[in-house]
Amino acid sequence: MAAQGGGDGDGDSVGGGAGRALPPHSPSGAVLQTVEMHTGGEPLRIIPRLEAAERAAAAGLSLLSLRREVAARHDHVRRALMHEPRGHAGMYGAVVVRGGAAADGAHLAALFLHCAGYSAMCGHAVMALGRFALDYGLVAAPTRPETAVRLRCPCGPVTAFVPWDGRRSGNPVRFHSVPAFAAATDLAIDVPGHGKVVVDIGYGGTFYAFLSAEQLGLDVCSSKTRDLVSAASAVTEAVKKQFKLHHPESEDLAFLYGTILTDGKDAFSEEPTTNICVFADEQVDRSPTGSGVTARIALQYHKGLIQLDQSRTFQSSTTGSLFTGKAVKEAKFGSYNAVIVEVSGEAFYTGTATFTVEEEDPLKHGFFLK
C-alpha cells in the first residue's frame, strides 16, 4: 500500500521505551494516517496524503483520469480503509489531492471512496473537507467570518463556504454545487416484485432516481431499513436496465449512483421532507445526502414547485439529521436547463487514526460483509 509513510517497523517507540508508537507491522507496508469526521451522521475518513495519487497528479493526470488510475492500480487502499476490519459496510472516505491538473487551481481536489468503489460527487464530504482545508492549512489566508474553499470533485468544481474565527473552522458549512438538472421526470419503470412505479431522475453531481416510498408499499419514516434498502436497490437495478443516462461532458459520469426514497412531500413547505438514500452496493447514507438534496432541489425547481432562493429542509430517516437546500442561480449544462444549488449542513471531527498492515495477514486488504 502506498500511502503516507510512518515508521519502518518494530523500532517505533515512545519515550523511555515504555511502549510502541505503532504496533508491529510490515516494514514494506504503508502506515495509513487519516482524519475522521462525520456530516449529519455520515462518516468521512479523510486520507490527507496518498503518495500514488500525488505522483499521478504530478504527472499531469486530470481528476477523472486519476480516479481511473487509482481504481485500477491502488484499489487495495480503498478496500483496506473502507472495508472491515478497519471500516464497515457504511464507511465513506476521501483522498485529498493537491496541485497539478487534478486540482486545476483549486485549494484541493478529492477522490471519493465507498465500499463498492468511487463516486463522482459527495456533498457531505465537501462540507467536511471545507472545514478540514481550513484547520489543516490547505488555505493560505483564511478570512473572517467566512472563507470560500475551492474544491475540485470528479464531477467538476464546487465551492464550500466555511465559518472561520481566526483560529478554527465552524458550522454550518454550505456549498454551491455543479450545475444540477432534471434528467427525466415521471418515468415509468417496471420493478420486479413491485410492479410499475413512476420515478424522477435528477443530477446533483451524480445521478439518482427519486420516488416516494409509498409507491413501493413502504413508509420512509417507519418501515424497516432493510425493507427500504431492498426496495430502493430493486429500483436502482430496474432503472439501469430500462433507461440510458447521458452526461453533457463525460460518459464516465453517466451512471446511476442510487435511489432516494422520499415521503412524497415535494411541494414547497416550511416543514422538513424526509428521505433515505441507498447508493452503490446497498450502502445507506446516514445523512440527508448532499448531492441528493442538490438533485432533488433541481427536480423541484424544474417542476415549478420552488423558486430561486426558497429554502427547504431535508431530514435523514436514519439519523434525523438535517440539511437545507435552495436553488440560487439558473445555469445551462449542455442542453439541460440547470440550477446551481446551495446545500448547508454541519460537519464534525471525531478523531484521527493510524492504520498499519502486517504482510502475512490474509485479510490485510479488508473484507466486505453486508
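Numbering of residues begins at 1 and proceeds along the displayed sequence.
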Legend entry - Of all pairs that satisfy ring-ring contact (aromatic ring centres under 6.0 Å, His included), the ones with a partner from residues 39-61, not counting sequence neighbours: none
Inset, instruction - Could you tell me which residues satisfy side chain to side chain contact (heavy atoms under 4.5 Å, CB included) with Ala102, sequence neighbours excluded, listed by chain and number? - result: Ala57, Leu63, Leu66, Val97
Inset, instruction - Mind jotting down which residue pairs meet the side-chain hydrogen bond (donor to acceptor under 3.5 Å, both in side chains) criterion with at least one end in residues 205-217? Sequence neighbours excluded, please. - result: Tyr208-Ser291
Inset, instruction - Determine which pairs satisfy side-chain hydrogen bond (donor to acceptor under 3.5 Å, both in side chains) with at least one residue from residues 337-351, sequence neighbours left out, and list them in order. - result: Asp135-Tyr349, Arg174-Glu342, His176-Glu342, Lys332-Asn337
Inset, instruction - Could you list all the side-chain hydrogen bond (donor to acceptor under 3.5 Å, both in side chains) pairs where at least one residue sits in residues 177-202, not counting sequence neighbours? - result: Asp200-Lys303
Legend entry - Pairs where residues 79-98 contributes a residue and the test ring-ring contact (aromatic ring centres under 6.0 Å, His included) is met, not counting sequence neighbours: His83-Phe368, Tyr92-His124
Inset, instruction - Taking Thr313 for its side chain and Thr324 for its backbone only, find out whether a donor-acceptor pair lies under 3.5 Å. - result: no
Legend entry - Partner set under side chain to side chain contact (heavy atoms under 4.5 Å, CB included) for Ala58, not counting sequence neighbours: none
Inset, instruction - Apply ring-ring contact (aromatic ring centres under 6.0 Å, His included) to Phe243 and list each qualifying residue two or more places apart in sequence or on a separate chain. - result: none
Donor-acceptor pairs under 3.5 angstrom involving side-chain atoms of residues 292-299: please list them, not counting sequence neighbours.
| from | atom 1 | to | atom 2 | distance (Å) |
| --- | --- | --- | --- | --- |
| Thr294 | OG1 | Gly290 | O | 2.9 |
| Arg296 | NE | Asp266 | OD1 | 3.3 |
| Arg296 | NH1 | Thr273 | OG1 | 3.3 |
| Arg296 | NH1 | Asn275 | OD1 | 3.3 |
| Arg296 | NH2 | Asp266 | OD1 | 3.0 |
| Arg296 | NH2 | Thr273 | OG1 | 2.9 |

Inset, instruction - With sequence neighbours excluded, tell me which residues meet side chain to side chain contact (heavy atoms under 4.5 Å, CB included) with Arg226. - result: Val229, Ser230, Glu282
List the atom pairs, with distances to 0.1 Å, where a side-chain N or O of residues 105-122 and a protein N or O form a donor-acceptor pair under 3.5 Å, not counting sequence neighbours.
| from | atom 1 | to | atom 2 | distance (Å) |
| --- | --- | --- | --- | --- |
| His107 | ND1 | Arg150 | N | 3.0 |
| His114 | ND1 | Ala116 | N | 3.1 |
| His114 | ND1 | Gly117 | N | 3.1 |
| Tyr118 | OH | Asp75 | OD1 | 2.6 |
| Ser119 | OG | Met121 | N | 3.2 |
| Ser119 | OG | Met121 | O | 2.8 |

Legend entry - Pairs flagged by ring-ring contact (aromatic ring centres under 6.0 Å, His included) wherever residues 289-313 is involved - sequence neighbours left out: none
